[in-house]
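Heads up, the thing below is written out as structure tokens.
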Amino acid sequence: MPKGNASNAELASIFATMSQLLELTGANRFKVNAYSRGARVIESRTEDLVALALEEGAKKKLTAIDGIGQGIAEAIIEFATSEDIAEHDELLSRVPAGLMQVLDIPGLGPKTVRAMWQEMGVEGIADLKRIIDDGSIKELPRMGAKTIENIKEAMEFQARSGGRTPLGIAMPLAEAVQEELRAVKGVKQLQFAGSLRRGRETIGDLDFLACTTKPDDLREAFCTMEGVEKVLARGETKSSVRLKRDGLLIQADLRIVPASSFGAALMYFTGSKEHNVRLRERALKHDLTLNEYGLFPEDDEDTPPQSRGVKAVASKDEEAIYSALDLEFVPPELREDDPVEGLAATGAGLIDVSDIKAELHAHTTASDGRMSIEELAGAAKVRGFHTIAVTDHSVSSAIAGGLDPDRLRAHIDAVHEADGRVKGISILAGSEVDIKPDGSLDYDDDLLAALDIVVASPHSSLAQDPKAATKRLVSAIEHPLVHILGHPTGRLLPKRAGLSPDMSKLFEAAAGSDTALEINAHWKRLDLRDAHVRGALEAECLIAIDCDVHSEGHFDNLRYGILTGRRGGLTPASCINTWGKAKLHKWLKSKR
DNA sequence: GCCGTTTTCGGCCCGACTGTTTTCAGTCG
């Protein structure tokens with residue numbers, strides 16, 4: 001892909017890499033942190049920063065972004081103009097590429113990996129295996145038998161586990177563990193935290209937090225529950241295990257805290273790390289100090305306040321801690337970075353699963369769905385929806401049994417017939433129409449106009465270059481008969497990146513043509529993704545959250561779409577699926 | 001490298017746990 005079209009994601013990955021390379025060269029750790037934060041900030045922006053870097057006054061615009069200063073701004077501009085960052089190239093030439101994989105092994109940090117490289121000539125996983133096998137690894141400082149054994153196991157774990165786990169896989173597992181542990185005698189409170197509670201699209205490990213009157217029993221239950229392969233740590237308050245269930249291999253941590261500290265601990269364990277750092281910095285400015293036991297007066301003593309019996313200003317619940325820091329409560333989904341940014345989005349109240357009243361993207365046996373029209377309507381009714389849209393695939397999606405025009409006309413009649421017969425829910429005749437690579441749609445306008453609702457989605461040519469993808473999607477968005485742009489980038493987690501259009505152009509087009517952008521709630525898609533939702537809302541776009549239902553269970557993916565929406569700051573008013581029947585149907589008809 | 005309701009210099013969150021140590025370094029979140 002030409003670098004002139006590089007997306008923010010690619011730029012972010014360069015800075016993330018630079019941060020790790022710097023770590024391995026033993027650079028200043030604050031610079032390492034700054035690059036790593038810069039990478040996260042870049043990835044979360046929806047405006048095209050490479051394009052921005054070529055504009056008048058670029059440096060000023062870039063440094064206006066929190067986390068981007070002179071240095072990173074100049075590097076972005078350098079990248080935009082010369083298609084290269086000299087420091088990046090220089091680091092790549094100094095540090096062997098394979099060392100990054102060694103750094104990825106759990107338990108191995110920059111200090112150890114650097115020593116392996118400098119002292120033993122390790123340049124990758126194969127070299128590490130070699131010095132373990134021939135025993136020469138023992139020459140490194142602090143490298144005893146136990147540590148070597150742990151490294152071997154961690155390497156095996158890394159090779160067997162597929163990296164981060166999709167939200168939709170991790171959530172049911174965490175809920176099952178949560179239920180089991182809540183049943184242990186003495187447990188007063190127990191809940192999962194971490195990136196799962198924040199609703200991130202992928203999860204690194206499972207974090208559980210508990211209050212109990214019998215800590216020994218809970219610790220024992222945790223370390224011996226079904227699927228525990230290895231106990232990694234078993235301390236007074238913190239235990240870690242490697243868990244294997246349903247073919248999934250994942251690390252799980254349990255932290256036991258006193259009830260009086262539950263809020264502070266939940267906050268700490270929910271993260272993000274960056275959010276915690278921001279809060280702790282903010283606390284210091286208020287002459288307070290924040291840790292997982294509570295918010296305490298800062299007294300410049302060396303030992304932790306809770307160990308000296310100092311009374312906390314706040315600790316029992318999260319709300320009290322935010323409040324004592326002069327902040328509105330920040331919902332977990334908005335805790336990726338600075339709490340102040342979350343503040344603006346929370347005022348009106350984020351969307352919730354119970355707000356959703358319609359499913360507008362569903363397939364039947366007419367194409368690749370498992371349910372008939374009636375079964376689909378019945379399942380939607382059970383969920384309290386007032387409207388279900390039948391949107392089977394169009395002719396180009398041949399593998400999915402896409403309908404040719406004649407079949408679609410017959411299908412429209414069948415849907416309308418069912419709508420007349422089934423009481424208690426409106427059944428709309430629609431289509432998920434393929435957006436062809438040139439931006440044209442799969443049916444002619446006469447046929448599209450006969451549909452109650454049109455969801456236009458890209459399914460093919462998903463490696464198209466960004467400029468062509470932007471043109472393609474904008475053209476579909478601006479088509480007067482299209483209501484919703486379905487899964488806009490076509491990505492599939494974790495492997496398929498999908499299209500990388502200039503999202504800000506999509507947002508502009510969608511806001512201008514009153515077309516809604518879909519958050520596809522399937523956990524393999526979550527497309528729009530969180531950062532895109534935020535950008536779309538800033539551009540005042542309408543959002544649709546749909547489950548892309550193929551079978552009844554798919555309705556249950558709604559919560560993942562909701563979490564993604566919340567991470568983008570979505571409120572009910574901006575989401576068409578929350579509207580009452582009259583308002584929604586009026587909006588749909590406005591495009592007919 | 002980033003940042004500033006004292007600061008454009010001098011800071012940069014805080015604690016648990018492990019393993020290898022006779023008092024602590026490294027990693028993690």
Side-chain angles (χ1 to χ4, degrees), chain A residues 15 18-19 22-23 27-41 62-76 87 103-116 138 140-151 154 193-198 203-209 231-240 251-257 261 264-296 298 301-307 326 335 337-338:
Chain A
F15 280 100
M18 279 204 283
S19 171
L22 281 167
E23 232 178 355
N28 176 313
R29 66 193 169 98
F30 299 110
K31 181 172 176 178
V32 171
N33 280 343
Y35 273 21
S36 145
R37 183 179 180 209
R40 275 195 307 276
V41 167
L62 287 169
T63 53
I65 300 170
D66 238 14
I68 298 182
Q70 291 285 323
I72 294 180
E74 278 166 18
I76 295 173
E87 189 185 10
L103 189 58
D104 271 345
I105 297 171
L108 289 187
K111 293 266 169 56
T112 313
V113 176
R114 181 172 156 78
M116 287 172 174
K138 282 183 237 151
L140 289 170
R142 312 182 60 81
M143 198 58 72
K146 189 77 198 228
T147 301
I148 294 168
E149 189 54 35
N150 285 344
I151 293 172
S195 50
L196 189 62
R197 184 166 179 242
R198 301 201 309 278
I203 307 302
D205 54 20
L206 303 179
D207 303 305
F208 298 92
L209 181 69
V231 177
L232 300 166
R234 190 176 173 140
E236 192 61 26
T237 65
K238 186 183 158 187
S239 306
S240 288
Q251 183 174 323
D253 300 332
L254 171 71
R255 187 89 178 238
I256 300 172
V257 300
S261 301
L266 186 57
M267 209 152 155
Y268 154 77
F269 230 12
T270 297
S272 67
K273 183 168 156 38
E274 183 72 20
H275 184 74
N276 287 341
V277 170
R278 301 286 147 217
L279 288 180
R280 289 172 182 197
E281 284 172 353
R282 190 182 178 93
L284 290 175
K285 284 183 193 144
H286 285 68
D287 268 329
L288 298 165
T289 179
L290 177 64
N291 62 30
E292 58 263 51
Y293 295 96
L295 183 64
F296 298 92
E298 172 65 39
E301 296 285 330
D302 284 338
T303 53
Q306 70 278 1
S307 67
D326 283 335
R335 297 186 195 168
D337 198 312
D338 203 313

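Being a predicted model, the structure only gives us computed values, none of them experimental. Each chain gets a letter, A, B and so on, in the order the sequences are listed, and its residues count up from 1.
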* **Integer angstrom distance from the C1' of dC17(B) to that of dT23(B)** =>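 Nearest-Å result for dC17(B) against dT23(B) at atom C1': 16 Å.
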Closest contact, heavy atoms only, [X] versus [Y]:
| X | Y | result |
| --- | --- | --- |
| Gln70(A) | Thr63(A) | N-CG2, 3.8 Å |
| Ala34(A) | Ile72(A) | O-CD1, 3.8 Å |
| Leu266(A) | Ala193(A) | CD1-CB, 4.2 Å |
| Met143(A) | Met116(A) | CE-CE, 4.3 Å |

* Asked: Would Arg278(A) and Glu281(A) count as a salt bridge (charged side-chain N to carboxylate O under 4.0 Å, His left out) if you check the C-alpha gap in whole Å, the side-chain angles of each, and the deciding distance to 0.1 Å?
  -> CA-CA 5 Å; Arg278(A) 301 286 147 217; Glu281(A) 284 172 353; 3.0 Å; yes
* Asked: Counting just side-chain N and O atoms, does Ser272(A) come under 4.0 Å of either OP1 or OP2 of dG29(B)?
  ->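 No, no such contact exists.
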* Side-chain N,O (Thr237(A)) to OP1/OP2 (dC17(B)) below 4.0 Å ->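 Yes, Thr237(A) has a side-chain N/O under 4.0 Å of OP1/OP2 on dC17(B).
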Starting from [atom2] on [N], measure out to [atom1] on [X] and report it in whole angstrom.
| X | N | atom1 | atom2 | value |
| --- | --- | --- | --- | --- |
| Asn33(A) | dC28(B) | CG | P | 14 Å |
| Gln251(A) | dC28(B) | CD | P | 10 Å |
| Met267(A) | dG29(B) | CE | C1' | 15 Å |
| Leu140(A) | dT27(B) | CG | P | 12 Å |
| Glu274(A) | dG29(B) | CD | C1' | 13 Å |
| Lys111(A) | dT20(B) | NZ | P | 18 Å |
| Asp205(A) | dC17(B) | CG | P | 16 Å |

* Residue closer to the 5' end of DNA chain B, Lys31(A) versus Phe269(A) (nearest nucleotide) ->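 Per heavy-atom nearest nucleotide, the more 5' residue is Lys31(A).
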* DNA chain B: Ile105(A) or Glu87(A), which has the more 5' nearest nucleotide? ->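 With Ile105(A) and Glu87(A) compared, the 5'-side residue is Glu87(A).
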* Asked: So what does Gly109(A) touch, heavy atoms closer than 4.0 Å: a base, only the sugar-phosphate, or nothing?
  ->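 Here Gly109(A) touches the backbone only, sparing every base.
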* Contact class for Ala145(A) (heavy atom, under 4.0 Å): base, sugar-phosphate, or nothing? ->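 Ala145(A): backbone/sugar contact only, no base atoms under 4.0 Å.
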* Asked: Can you list the residues that meet the side chain to side chain donor-acceptor pair (under 3.5 Å) rule with Arg197(A), with sequence neighbours excluded?
  ->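 Only Thr270(A), Glu318(A) meet the side chain to side chain donor-acceptor pair (under 3.5 Å) criterion with Arg197(A).
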* Return the set of residues passing ring-ring contact (aromatic ring centres under 6.0 Å, His included) with Tyr268(A) (not counting sequence neighbours), or none when no residue passes. =>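 Result, ring-ring contact (aromatic ring centres under 6.0 Å, His included) vs Tyr268(A): none returned.
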* **Phe208(A): ring-ring contact (aromatic ring centres under 6.0 Å, His included) partners, not counting sequence neighbours** =>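 So Phe208(A) forms no ring-ring contact (aromatic ring centres under 6.0 Å, His included) with any residue.
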* Asked: Given the rule in the salt bridge (charged side-chain N to carboxylate O under 4.0 Å, His left out) test, do Arg198(A) and Glu274(A) qualify, once you have shown the distances and angles that lead to the verdict?
  -> CA-CA 13 Å; Arg198(A) 301 201 309 278; Glu274(A) 183 72 20; over 6 Å; no
Considering only nitrogen or oxygen atoms on both sides, find all protein atoms under 3.5 Å from nucleotides 21-24 of chain B and state each distance.
none

* To do: At under 4.0 Å between heavy atoms, which parts of nucleotides 2-15 of chain B does protein reach? Answer with one letter per nucleotide, 5' to 3': B base, S sugar-phosphate only, - none.
  => SS--------BBBS
* Could I get the full list of side-chain contact (heavy atoms from CB on, under 4.5 Å) partners for Ser36(A), not counting sequence neighbours? =>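 Applying side-chain contact (heavy atoms from CB on, under 4.5 Å) to Ser36(A) gives Ser19(A), Arg40(A).
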* Asked: Under a 3.5 Å cut-off for both distances, is dT8(B) Watson-Crick or wobble paired, and to whom?
  ->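 Across any shown strand, dT8(B) pairs with none.
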